[in-house]
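Below is one structure; the comments refer to it alone.
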Amino acid sequence: MRRRQQSGIVGAFDTPEEIIRAAHELRKSGYRRLEGYTPYPLLELERAIGRGRSRIGFVVFPCAIAAAAIAYLVQWWTNAVNYPLNSGGRPAHAPPAFVPATFEMAVLFSALSACVILALWSGLPALWQPIFEVPGFDRASIDKFFLAISDRDPSFDREATARRLTELGATRVELLGVHPATDAEVDERLNGKGGGES
Amino acid sequence: MATEPVFIGRPTDAELSDQLLSTAWRPWRRLGKIGFLVAILGTLSLFSGITFTVMRGIGVWGNNIPVGWAFDIINFVWWVGIGHAGTFISAVLLLFEQKWRTSINRFAEAMTLFAVLQAAMFPVLHLGRPWFAYWIFPYPATMEVWPQFKSALPWDAAAISTYFTVSLVFWYTGLIPDLAAMRDRAPTRAKRIIYGIFALGFTGASSSYRHYRVVYGLLAGLSTPLVLSVHSIVSSDFAITLVPGWHSTIFPPFFVAGAIFSGFAMVLTLVIPVRSLFRLENVITKAHLDNLAKMVLVTCWVVTYSYILEFFIAWYSGDEFEIYQFFVARPFGPWAWIFWMMIICNAVVPQIFWSKKARTNLAVLWAVSLLVNVGMWAERFVIIVMGLQRDYLPAAWGVYVPTYVDWAIFLGTMGFFLLLFLLFLRFVPFVPLAEVKELKHELSHEEGH
């Protein structure tokens, strides 16, 4: 399920409105392999680059049901079958008394499975990713918005795509996945485009 | 809801990041160092108390017959309760889309984690032989003896461990984008690497965020019933017995309300000094404090209503032991002053929050929040000790007196809590940066349209 961009072109934008508009425009002109990098979640951007609803719930729900069923089975087998004890006259199989642990296990395993799947589907923990080599990307978590286009995109064309990003308001355009590249090398590859700020 | 803004000024995202992230690398002033010293002394007191207890057995506590549950269970219930407001703020208010939660939710979640950690120590120590604590989990033992799931002890184990784990996971998930921001803004290479490891290589990709949003909402949705279930289960420890004053169907909602009451008070106790120390008046505004005070007032009335109902039911049941417990033992028996302190701190003092002036006065807010914490501790004392001191057989009546070990452990947990909390403030951005930026983005949209 990993959808990381390995190589392509990245454009940096200053505002969420600009990146959302750019993503819309690129989708309209046929680009399909887009990825946004933003300091905070932007629902409109996810829609603009063509990502639907997350399907995490479809994995978490079965985990919750399985955890509840196993928890109840363990309680029933240990307390009613394998080692029945008379505790205050309660029956050996006492469903109301088994509810708390069953419920807690369902919650526990939903939470844990949700986090494990989040990590798997987001490619965590991969401490290094190609996008980190893009100059200026350290501001993607602070105040800049990056839009990446994979070179496997059917409409990808290095010069044309870079030009399009600049037209759409990208303050700088960089190559992705060509590390280690200095700013000068990037400028050269892009025919002198981008690389405005250092 | 609030007429006052939940966000003051218009800093840029970069300025906001600098303000909120710098708490983790700005040198601390003297007050912080004094705080650390106090916290370390408290922690030492706690661990000496625990070591002494484990070496000599729980005979060093004031627990006796008939009062077999005392400081350990009081502290357990009190600390678990304090944790609840954290989950309430981050989960319930998230689900209800209350914008004012944003600046204080991480803070409150951390409070939950550290409070639950204090609480979790007590049932284990209370076992007497804490090294056998694993017996309450159904592990495949060669002795083929299983836990008794019809008893409240395994319920507690399941509830507390689940509560702690889910709170931790919820807190950490919320932290990931901010840890990434820390990684990108850290001033030294060593810090960059450490925060980089904890950020798990998070890039802020839209494809991650779409899962992230769902998981965060899901965890909030899961935590909400946990708030209710954990304290209901704790209250069932009491309600399934026959001790006068304990065997009551009102206990689960009563305990939950009390827990949220004390939790909100604790959030206020912590947030007021931190807000001033770190100059966060622009993100934790008077509107936040005002709303917290209103929540204290609301939960105060739920608790007060529960008190009234307890007395009414005791009288209405016609059960002489219940009537004696509520109308003689508690208000006039040994430790009666703690009962009156409970009434004053929990039912009378918070009424000052009807006045807006009081709700926006920092000194009043802080004083009331402290008194509520004291009052809620007194309530746990009243329920546990007074019920056991005066049960059915007058020949078996007794009086409980705590020992210095009880005090060392109880006060020590406060030090340990403070230590964990100060470490949290020192190393982690305690105002959720990504969420505050998102809120700012939303607010600017609302103004624009």
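Residue numbers begin at 1 in each chain, while the letters A, B, ... track the order of the sequences.
The residue among B/Asp178, B/Leu226, B/Val230 with the most heavy atom pairs within less than 4.5 Å of chain A is B/Leu226. For the options A/Ile49, A/Asp143, A/Thr78, A/Thr38, heavy-atom pairs under 4.5 Å to chain B are most numerous at A/Thr78. Between chain A and the options B/Val214, B/Leu219, B/Thr203, the largest number of non-hydrogen pairs under 4.5 Å is found for B/Thr203. Between chain B and the options A/Asn82, A/Leu45, A/Ile117, the largest number of non-hydrogen pairs under 4.5 Å is found for A/Asn82. No other option in B/Ala199, B/Ala158, B/Pro138, B/Ala205 has as many heavy-atom pairs under 4.5 Å with chain A as B/Ala205. When A/Pro41, A/Pro39, A/Gly36 are compared by the number of non-hydrogen pairs under 4.5 Å with chain B, A/Pro41 comes out ahead. In terms of non-hydrogen atom pairs under 4.5 Å with chain A, the most contact-rich of B/Ser161, B/Ser229, B/Gly196, B/Pro177 is B/Ser229. When the candidates A/Thr15, A/Leu118, A/Leu85, A/Leu43 are compared by the number of heavy-atom contacts under 4.5 Å with chain B, A/Leu118 comes out ahead.
Other residues, nucleotides and ligands place more than 12 heavy atoms under 6.0 Å from the OH atom of B/Tyr392. By the 6.0 Å contact criterion, CZ on B/Phe198 is open, its count of non-hydrogen atoms from other residues, nucleotides or ligands being 12 or less.
The shortest distance between side-chain heavy atoms of B/Leu218 and A/Ser110 does not fall below 4.5 Å. At a threshold of 4.5 Å between non-hydrogen side-chain atoms, the residues B/His211 and A/Arg55 do not count as touching.
When heavy atoms are compared at a cutoff of 4.5 Å, A/Pro84 does not approach chain B at all. For B/Pro147, the part lying under 4.5 angstrom from a heavy atom of chain A is the backbone only.
For B/Trp146, the ring-ring contact (aromatic ring centres under 6.0 Å, His included) partners are A/Trp77, not counting sequence neighbours.
Between A/Asn79 and B/Gln148, the shortest heavy-atom contact is OD1-OE1, 3.2 Å. Nearest approach of A/Cys115 to B/Val215, heavy atoms of both residues: SG-CG1, 4.4 Å. The two atoms that bring A/Ala94 and B/Lys150 nearest to each other are CB-CD, 3.8 Å, heavy atoms only.
Residue pairs meeting the side-chain hydrogen bond (donor to acceptor under 3.5 Å, both in side chains) criterion with at least one partner in residues 180-199 of chain B, sequence neighbours excluded, are A/Ser141-B/Asp184, B/Asp18-B/Arg185.
Here the OH atom belonging to A/Tyr40 is positioned 13.5 Å from the CZ atom belonging to B/Arg213, to the nearest 0.5 angstrom. Taken to the nearest 0.5 Å, the OG atom of A/Ser122 stands 10.5 Å off from the OH atom of B/Tyr212.
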Residue pair A/Leu42, B/Ser206: steps toward the side-chain contact (heavy atoms from CB on, under 4.5 Å) verdict:
CA-CA 8 Å; A/Leu42 279 175; B/Ser206 301; over 6 Å; no

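The interface of residues 56-66 of chain A with chain B, defined by heavy-atom distances below 4.5 Å, comprises A/Ile56, A/Val60. At a heavy-atom separation below 4.5 angstrom, chain B is approached by A/Ala97, A/Phe98, A/Pro100, A/Ala101, A/Phe103, A/Glu104, A/Met105, A/Val107, A/Leu108 within residues 95-108 of chain A.
No donor-acceptor distance shorter than 3.5 angstrom exists from the side chain of A/Glu46 to the backbone of B/Ser207, with no hydrogens or angles considered.
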